[in-house]
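To keep things clear, I will list the structure first and then write my remarks on it.
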Amino acid sequence: MEELLFTVGPVQMYENTKKISAQQIPYFRTNEFSKINNRIVENLKKCMFTSQDSKVALLTASGTAAMEAAVCNIFNNNDKLLIIVGGGFGRRFVDICRKYEYNIEVLELEQGKVPTSEQLERYKDRGITGVLVNIHETSTGVLYDGKSLGNFCHEIGAVFVVDAISSFLADEYKMDEWNIDATIISSQKALALHPGMAAVIVNNQTYKKIMCQTTSHYYLDLKEYFRNMERGQTPFTTAVGITLQLDDRLKQICSIGIDHVIESTRELAVDFRKKISELPFSIPSESLSNAMTPIKLNNTENASRIFELLKKEYGIVVNPCGGTVKEKMLRIGHIGNITIGDNDRLIHAFIDLQNRGIL
Ligand SMILES: *Cc1c(COP(=O)(O)O)cnc(C)c1O
């Protein structure tokens with residue numbers, strides 16, 4: 001039985017992506033390949049609504065490397081950073097900053113909650129120069145309000161860095177309008193490509209800030225990525241295969257229209273949430289992304305058994321959770337090449353598990 005992924009990443013790939021990934025890759029230090037990279041850069045900027053003078057660094061790495069690259073290239077030891085921590089990915093920003101011995105303040109949120117304006121208010125006069133946030137905290141399924149966080153950053157004059165990895169293409173995202181200075185994305189979430197490529201997109205002001213930094217890095221030196229991208233290239237061998245997949249997907253997305261892409265994900269999420277209303281689940285989040293629904297099991301604490309049964313007996317892979325909610329929660333992705341019919345297949349499996357007394 002071919003497995004159907006309801007994960008958050010990697011996800012079900014589109015037919016075109018699979019076709020491309022089966023082909024011979026070209027040599028990449030060529031004008032033809034530079035043109036592909038240039039087109040990717042243009043289309044990425046379009047998809048996140050940022051100006052033509054913003055810059056894009058394409059990294060051959062997982063999303064975490066792009067998080068680290070943003071942190072260590074934009075900031076230094078003179079900065080004071082506020083990190084909004086709602087779960088595992090927020091803590092990852094904290095861990096990265098601690099490795100660099102940065103001066104940080106942590107706004108720890110209650111599970112399932114978004115930051116309130118009162119909470120943010122407390123950080124107003126503390127000399128914060130940068131704010132780091134995972135706009136969709138994928139570990140718990142909470143989507144923060146990018147616009148109001150952007151306003152806050154603008155007000156206090158802080159550089160606003162957003163990890164949009166699991167929200168980009170699933171939720172509205174207006175980089176310039178929301179005062180976002182840097183955006184981090186990666187290939188294996190809503191882009192639905194192979195894992196292995198990530199990107200940092202910065203506005204022109206942040207680009208200039210990076211180019212003036214005197215701290216030095218090697219593989220993650222964004223200055224080198226920006227310099228090379230002026231000729232459509234990368235400093236090191238890039239993930240050539242994923243580049244071709246990315247080019248194809250972005251062309252597709254731009255021709256469908258970004259609003260339509262987001263809307264179809266929203267429809268899948270709404271459909272799923274409607275259909276589980278009769279099942280013994282609750283949704284422990286006060287603000288959901290279209291990308292994913294976190295579900296808490298009301299009657300049992302056997303999430304890993306349900307995960308295994310869905311996989312083995314129904315050919316369905318959902319996203320497990322970690323930490324203290326490992327047995328209490330599962331996460332259902334709505335991104336990638338899935339349909340309303342696929343939702344029905346998952347719902348039927350849940351109903352079956354319920355009839356068997358497992359849910
Ligand atoms: C998936 C994800 C990442 C990236 O993780 P990698 O495993 O390094 O690709 C980072 N942040 C968020 C919010 C994510 O959902």
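Residue numbers start at 1 and run along the sequence shown. Ligands are counted one by one from 1 in listed order, and the atoms in each one are counted from 1 as well.
In this structure, Asp125 places its CG atom where only 12 or fewer heavy-atom neighbours from other residues, nucleotides or ligands lie under 6.0 Å away.
The aromatic rings of Phe236 and Tyr218 sit tilted, their planes meeting at an angle between 30° and 60°.
Residue Gln188 has at least one nitrogen or oxygen atom sitting less than 3.5 Å from a nitrogen or oxygen atom of ligand 1, judged on distance alone. Checked against a 3.5 angstrom limit, the closest N/O atoms of Gly63 and ligand 1 fall inside it.
Partner of Glu327 under the side chain to side chain contact (heavy atoms under 4.5 Å, CB included) criterion, out of Pro320, Ser304, Cys321: Ser304 alone.
Side-chain contact check for Leu120 versus Ser148: every heavy-atom pair is 4.5 Å or farther apart.
Annotation: atom 15 (O) of ligand 1 to nearest protein heavy atom, Thr138 OG1, 2.5 Å. When hydrogens are left out, the protein atom nearest atom 1 (C) of ligand 1 is Lys189 NZ, 1.4 Å; that is the closest non-hydrogen contact. Distance from atom 7 (O) of ligand 1 to its nearest protein heavy atom, with residue and atom name: Ser62 OG, 4.0 Å.
Of all the atoms in ligand 1, the ones that sit under 4.0 Å from a non-hydrogen atom of Arg92 are 5 (O), 8 (O). Taking every heavy atom of His136 and a limit of under 4.0 angstrom, the matching atoms of ligand 1 come to 13 (C). Taking a cut-off of under 4.0 Å to the non-hydrogen atoms of Ser166, the atoms of ligand 1 that pass are 15 (O).
Close to ligand 1: Met67, with a non-hydrogen atom less than 4.0 angstrom away.
With no hydrogens or angles considered, no side-chain donor-acceptor pair links Asp181 and Gln205 at under 3.5 Å. Of the N and O atoms on the side chains of His334 and Thr293, at least one donor lies less than 3.5 Å from an acceptor on the other residue.
By heavy-atom distance, the residue among Ile135, Asp163, Ile165, Val133 lying nearest atom 4 (C) of ligand 1 is Ile165.
Classification of Arg91 and Asp95 as a salt-bridged pair fails, no side-chain N sitting under 4.0 Å from a carboxylate O.
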